Every structure is written in structure tokens, then in C-alpha cells.
Student: 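My questions will all concern the structure given below.
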Amino acid sequence: MARPSAPGPLVLVQDLVNTLDLETGADTLATEEGRAAFGLREADVAAARALREALRAACLAHAGHGAPAEVAALGTLLAQAPLVTTVDPADGSARLAPADPASLTARVAVAVARGSLDGSWQRLKACEDETCRWAYYDRSPAGRGRWCSMEVCGARAKMRAYRARRAGE
């Protein structure tokens, strides 16, 4: 059973991280359709892949895995994102927006900023299974989800642990 998508703008981050299937090696950013989903040109793919892997590192850190140096790369990439604050003339509310709506990095920076403000960013995690690392939104009450899917990755991990215990007996 697949977990539901991340809330609001974080779905963009989740979708970007999940463009690479580590198990099969399939990368949807290598296809025209996959690039179109993010408004990317072929020339943008290398930068999008770097952003994707920096986001994956942050999602791993949210799950308690990952090296600080890998996570720091995301800060460097997002610092380059052109953002503006817009004010709604009807009610005076302000919001952060990409200065260039075509910039994937700026759209991701806005999603991360909004998620940081409402607490949802920390719940976007990467699966603990090293062959998966799929991004998922942890909706568990305690925020301690470990796998993108209990039925697949969780079951595999539990079976490996069971076999290891049995081998040690």
C-alpha cells in the first residue's frame, strides 16, 4: 500500500526525489515526459539531479540517517534560489514566492520554507531501506515512520532481521 502524498507544496519535493528508482536505476528525468513534469529542459537535468540528491540527503536526515556534509549541500543549492515576498492587496497577507516561477530550485525553496514554517518539512523522509530511499510523508502519530511502505520495505527489513536472529541461534 502506497503512502499518501506530502501535503501542499512539499509534494513537489517528494515527486522530485522519487524521480530515481534506486532499485531499478530508472530515472524519469532522463525522459522528455519526466522533465516536462518539472518544467525542465534537457540542459537543466544535471542541476535537477544535484538538487534531487541533496533533497534525498535531507529526507534521510529527517529519518535519522545521513551525513551533515550531504545535507549542507541542500542549503548551498537553495541559497541560490531567487525568491520574493508577495503581498495580497485584498487582505495584506504575505507569502514567499519564486522570483522566476520556471526555476525548479526556487519552487523547491518555497516548498521547503513553507514546510519548515508549518512543521511538515521534518516529516518528509526517505525510506530506511538502502535499496529504496523513496521519499514519503510520515503521517504516523509519533513521527517515527521508517519505511515508505510497511508492506514492502518494512516487511523486507523485518524478514532480514528475523533471518539474522535465526542464523545467530
Side-chain angles (χ1 to χ4, degrees), residues 2-85 95-140 143-149 152-153 157:
R3 291 188 182 217
S5 294
L10 282 180
V11 74
L12 170 68
V13 176
Q14 182 180 22
D15 288 348
L16 179 59
V17 172
N18 292 342
T19 59
L20 177 63
D21 184 332
L22 292 178
E23 199 166 20
T24 66
D27 183 351
T28 59
L29 293 181
T31 68
E32 189 173 331
E33 183 180 327
R35 290 187 298 273
F38 296 95
L40 298 172
R41 297 167 297 144
E42 196 166 346
D44 302 325
V45 171
R49 285 178 174 149
L51 179 59
R52 173 183 67 199
E53 295 314 312
L55 289 164
R56 186 184 319 279
C59 290
L60 279 166
H62 294 167
H65 309 285
E70 293 170 348
V71 177
L74 181 61
T76 301
L77 290 170
L78 296 184
Q80 300 168 18
L83 303 176
V84 295
T85 303
R95 62 179 240 162
L96 197 57
D100 175 7
S103 167
L104 177 60
T105 304
R107 288 181 287 145
V108 165
V110 168
V112 170
R114 288 184 186 165
S116 293
L117 289 174
D118 68 15
S120 59
W121 169 237
Q122 288 298 114
R123 284 188 172 248
L124 187 61
K125 299 178 178 182
C127 183
E128 190 173 290
D129 186 333
E130 291 179 5
T131 64
C132 179
R133 300 296 195 217
W134 206 249
Y136 68 94
Y137 189 75
D138 183 0
R139 294 183 185 277
S140 67
R144 289 193 228 151
R146 298 172 59 187
W147 303 287
C148 64
S149 166
V152 178
C153 293

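All heavy atoms count here, side chains included; hydrogens, waters and symmetry mates do not. Given the structure is predicted, the values throughout are model-derived calculations rather than measurements.
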Student: Work out which heavy atom in L29 is nearest to a heavy atom in V45; give both atom names and the distance.
Tutor: O-CG2, 3.7 Å
Student: In chain order, what residues pass the salt bridge (Lys or Arg N to Asp or Glu O under 4.0 Å) check against R133, with sequence neighbours excluded?
Tutor: none
Student: Test of understanding: with salt bridge (Lys or Arg N to Asp or Glu O under 4.0 Å), list the residues that count as partners of D15, not counting sequence neighbours.
Tutor: none
Student: Mind listing the closest non-hydrogen atom pair of T85 and L96 along with its distance?
Tutor: OG1-CD1, 4.2 Å
Student: I need the Y136 OH to H62 NE2 distance, nearest 0.5 Å.
Tutor: 11.5 Å
Student: Measuring from R35:CZ to T19:OG1, what's the distance to the nearest 0.5 Å?
Tutor: 11.5 Å
Student: Does the R107 side chain pair with the main chain of D100, one donor and one acceptor, at a distance under 3.5 Å?
Tutor: no
Student: Quick one: salt bridge (Lys or Arg N to Asp or Glu O under 4.0 Å) partners of R41, sequence neighbours excluded?
Tutor: D44
Student: Is the shortest side-chain N to carboxylate O distance from D27 to R52 below 4.0 Å?
Tutor: yes
Student: Please report the closest heavy-atom contact between V84 and A99, naming both atoms and the distance.
Tutor: CG1-CB, 3.8 Å
Student: Answer yes or no: is there a side-chain heavy-atom contact under 4.5 Å between T131 and L22?
Tutor: no
Student: Find the distance between CG (L16) and CZ (F38) and round it off to the nearest 0.5 Å.
Tutor: 5.0 Å
Student: List the atom of Y137, the atom of A6, and the distance in Å for their closest heavy-atom pair.
Tutor: CB-CA, 3.7 Å
Student: With the side chain counted from C-beta on, respond yes when Q80 and S103 share a heavy-atom pair under 4.5 Å apart, and no when they do not.
Tutor: no
Student: Using the side chain to side chain contact (heavy atoms under 4.5 Å, CB included) rule, take E42 and E32 through it: C-alpha gap first, then chi angles, then the decisive distance, then the call.
Tutor: CA-CA 8 Å; E42 196 166 346; E32 189 173 331; over 6 Å; no
Student: Heavy-atom distance under 4.5 Å between the side chains of L124 and D138, does that happen here?
Tutor: no
Student: If you measure from CD on Q14 to NZ on K125, what distance do you get to the nearest 0.5 Å?
Tutor: 13.5 Å
Student: Considering only heavy atoms from C-beta outward, does the side chain of P82 approach that of P98 to under 4.5 Å?
Tutor: no
Student: Once you round to the nearest 0.5 Å, how far does CG of L74 lie from SG of C59?
Tutor: 9.0 Å
Student: Determine the minimum heavy-atom distance between W134 and L20, stating which atoms define it.
Tutor: CZ3-O, 3.6 Å
Student: Donor-acceptor check, side chain of N18 to backbone of A135, threshold 3.5 angstrom: yes or no?
Tutor: yes
Student: First locate atom CG of L77, then atom CG of L51, and finally report the distance between them rounded to the nearest 0.5 Å.
Tutor: 6.0 Å
Student: Check L40 against A48 and note the closest heavy-atom contact, atom names and distance.
Tutor: CD1-CB, 3.6 Å
Student: Between R56 and E53, is there a side-chain N and carboxylate O pair less than 4.0 Å apart?
Tutor: yes
